[in-house]
Q: 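One structure coming up, written as structure tokens, with questions to follow.
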Amino acid sequence: MLERDELKLYNRQIILPELGLIGQEKLKAASVLMIGAGGLGCPVLQYLVTAGVGHIGIVDDDVIDMSNLHRQILYTITDVGKPKAETAKQKLEWLNPFVELIAYQERLNADNAEKLIKEYHIIIDGSDNFTTRYLVNDICVALNKPLVFGSIFKFEGQVSVFNYQGGPNYRDLFPEPPPNDEVPNCDDAGVIGVLPGIIGTYMANEAIKIICGIGETLSGKLFGMNALDNSMSVYQITKQKQVVSTPPLVDKTVAKDHDISIETLNNWLAESPDDICLIDVRETYEFDDYNIGGINIPLYELQESADMIPLDKKLIFICQTGQRSKIALQWTDPYLKNEKYSLKNGIKF
């Protein structure tokens, strides 16, 4: 699989007995989606590209600002005003011509997340907002994708691996997003420039270990460090009791047989609205932003909220894309004997 020049390029990795030629070939065959090409994304991308990860996608809708440059060292002052994803792709191609890079100059959201994430083996989240973090986590759980997570704030950083080999996911650590008025923001509080380089390097290291199957990952652990006093800590993450004990996988046969279109749903509602219960399994903030009615029970709260679901009505699970509603359909099948359906392709704004 490896060309002669690649063998030279990766020589110092290949001679590691833990990695070797087999590990290098695994890196070339792997695909990674990097969400965010900012402070964390820059070092992650640089190290994965130079390590020889064969296929890398970059998702970011932002443009480069002067205030980014002290920590986003992939860019220079001449790049100010340029799109991050495309600019990162161009610069990374200079580092390693053997890596296939795809730039997605768009914001990851409920409409495109599943489509993008399903194309890659490993997802790395370097986003800076809770809406994206929870969305990425939930799609990774639904599609059974390992997720490498990192976050930074002022002088402190965190790294973990979620949804890997049956391990915990982000919601096991933080079940719900904090209130908007309690969300910390680097734009307001600041961040030391070297911190994302440190944390991003840890994130790249976790991705390489997952791809090559070497070492011990941070699955089930939260690594934290403070750059101001050099303190470090590792916290154990306990997997919370959920509807199922393994990463949620959709039974496509069941889901397909119980998919309905929005036209069918509208006809049913017109004919007998009192016989139908809509259950929106998106997060509360998504439901508050836009909904088509019904009751809101987030996916991971279905089991504990079973008493909210009427037992004498036809149940229609709905979400943004139709993915979480399929999971809800499968999860509730053992203990809810109602006639149940999932809204195909989800609701549209």
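Side chains included, hydrogens not; waters and symmetry mates left out as well; all remaining heavy atoms used.
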Q: Step by step, work out the side-chain contact (heavy atoms from CB on, under 4.5 Å) result for Arg282 and Arg324.
A: CA-CA 8 Å; Arg282 297 175 300 155; Arg324 281 177 280 179; 3.9 Å; yes

Q: Out of curiosity, Tyr120 OH to Ile35 CD1, how far, rounded to the nearest 0.5 Å?
A: 10.5 Å

Q: Report the C-alpha distance between Asp128 and Arg133 in whole Å, list the side-chain angles of each, state the deciding distance to 0.1 Å, and finish with yes or no for salt bridge (Lys or Arg N to Asp or Glu O under 4.0 Å).
A: CA-CA 8 Å; Asp128 60 359; Arg133 289 175 187 171; over 6 Å; no

Q: Ignoring hydrogens and geometry, is there a side-chain-to-backbone donor-acceptor pair from Asn163 to Lys145 under 3.5 Å?
A: yes

Q: Considering non-hydrogen atoms only, spot the tightest contact between Leu195 and Ala227 and give its length.
A: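 Shortest heavy-atom separation between Leu195 and Ala227 comes out as CD1-CB, 4.4 Å.
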
Q: I would like to know whether Lys209 and Glu206 meet salt bridge (Lys or Arg N to Asp or Glu O under 4.0 Å); could you show each step before the answer?
A: CA-CA 5 Å; Lys209 288 189 292 183; Glu206 291 303 300; 2.8 Å; yes

Q: Side chains of Asn345 and Thr321: does their closest heavy-atom pair fall under 4.5 Å?
A: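 A side-chain contact under 4.5 Å is absent here.
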
Q: Out of curiosity, does Phe287 fall in the hydrophobic cluster containing Leu343 (side-chain heavy atoms, cut-off under 4.5 Å, transitive links)?
A: no

Q: Evaluate the side-chain proximity of Ile124 to Met203: yes if any heavy-atom separation is below 4.5 Å, no if none is.
A: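 A side-chain contact under 4.5 Å exists here.
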
Q: Given side chains that start at C-beta, do those of Leu48 and Val32 come closer than 4.5 Å, heavy atoms only?
A: yes

Q: Quick one: sort the Tyr134 and Tyr170 rings into parallel, tilted or perpendicular, breaks at 30° and 60°.
A: perpendicular

Q: Answer yes or no: is there an ion pair linking Lys313 with Glu339, defined by an N-O contact shorter than 4.0 Å?
A: no

Q: Of all heavy-atom pairs between Gly322 and Cys319, which one has the smallest distance, and what is that distance?
A: N-SG, 3.1 Å

Q: Do we see a donor-acceptor contact under 3.5 Å between the side chains of Asn267 and Thr264?
A: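 There is no such pair (donor and acceptor under 3.5 Å, judged by atom type) between the side chains of Asn267 and Thr264.
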
Q: Quick one, Glu86 with Lys82, criterion salt bridge (Lys or Arg N to Asp or Glu O under 4.0 Å). Give me CA distance, side-chain angles, the key distance, then yes/no.
A: CA-CA 8 Å; Glu86 290 289 348; Lys82 295 179 182 179; over 6 Å; no

Q: Hey, is the main chain of Leu21 close enough, under 3.5 Å, to the side chain of Gln24 for a donor-acceptor pair?
A: no

Q: Going by atom types alone, do Gln320 and Glu286 pair a side-chain donor with an acceptor below 3.5 Å?
A: no

Q: Looking only at atom types and distance, does a side-chain atom of Ser305 sit under 3.5 Å from a main-chain N or O of Leu302, one as donor and one as acceptor?
A: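 No; judged by distance alone, with no hydrogens or angles, the pair does not exist.
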
Q: Kindly state whether the ring of Phe317 and the ring of Tyr341 have centres lying under 6.0 angstrom apart.
A: no

Q: Can a side-chain donor-acceptor contact be found between Asn112 and Glu106 if the only test is distance below 3.5 angstrom?
A: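 Per modelled atom types, Glu106 and Asn112 side chains form a pair under 3.5 Å.
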
Q: Just by distance, no angles: are the side chains of Ser219 and Thr217 close enough, under 3.5 Å, to form a donor-acceptor pair?
A: no

Q: What do the steps show when you test Asp138 against Arg171 for salt bridge (Lys or Arg N to Asp or Glu O under 4.0 Å), and what is the final call?
A: CA-CA 9 Å; Asp138 292 348; Arg171 288 186 182 274; 2.8 Å; yes

Q: Identify the residue among Leu74, Asp65, Ile64 that makes a side-chain contact (heavy atoms from CB on, under 4.5 Å) with Lys84.
A: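 Only one option passes, and that is Ile64.
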
Q: Establish, from distance only, whether the side-chain atoms of His121 and Ser31 form a donor-acceptor pair under 3.5 Å.
A: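 Indeed, the side chains of His121 and Ser31 share at least one donor-acceptor pair under 3.5 Å.
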
Q: Tell me whether Glu100 contacts the main-chain N or O of His55 through its side chain, where contact means a donor paired with an acceptor under 3.5 Å.
A: no

Q: Are the side chains of Ser127 and Leu108 in touch, meaning some heavy atoms are under 4.5 Å apart?
A: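 No - every pair of side-chain heavy atoms lies 4.5 Å or more apart.
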
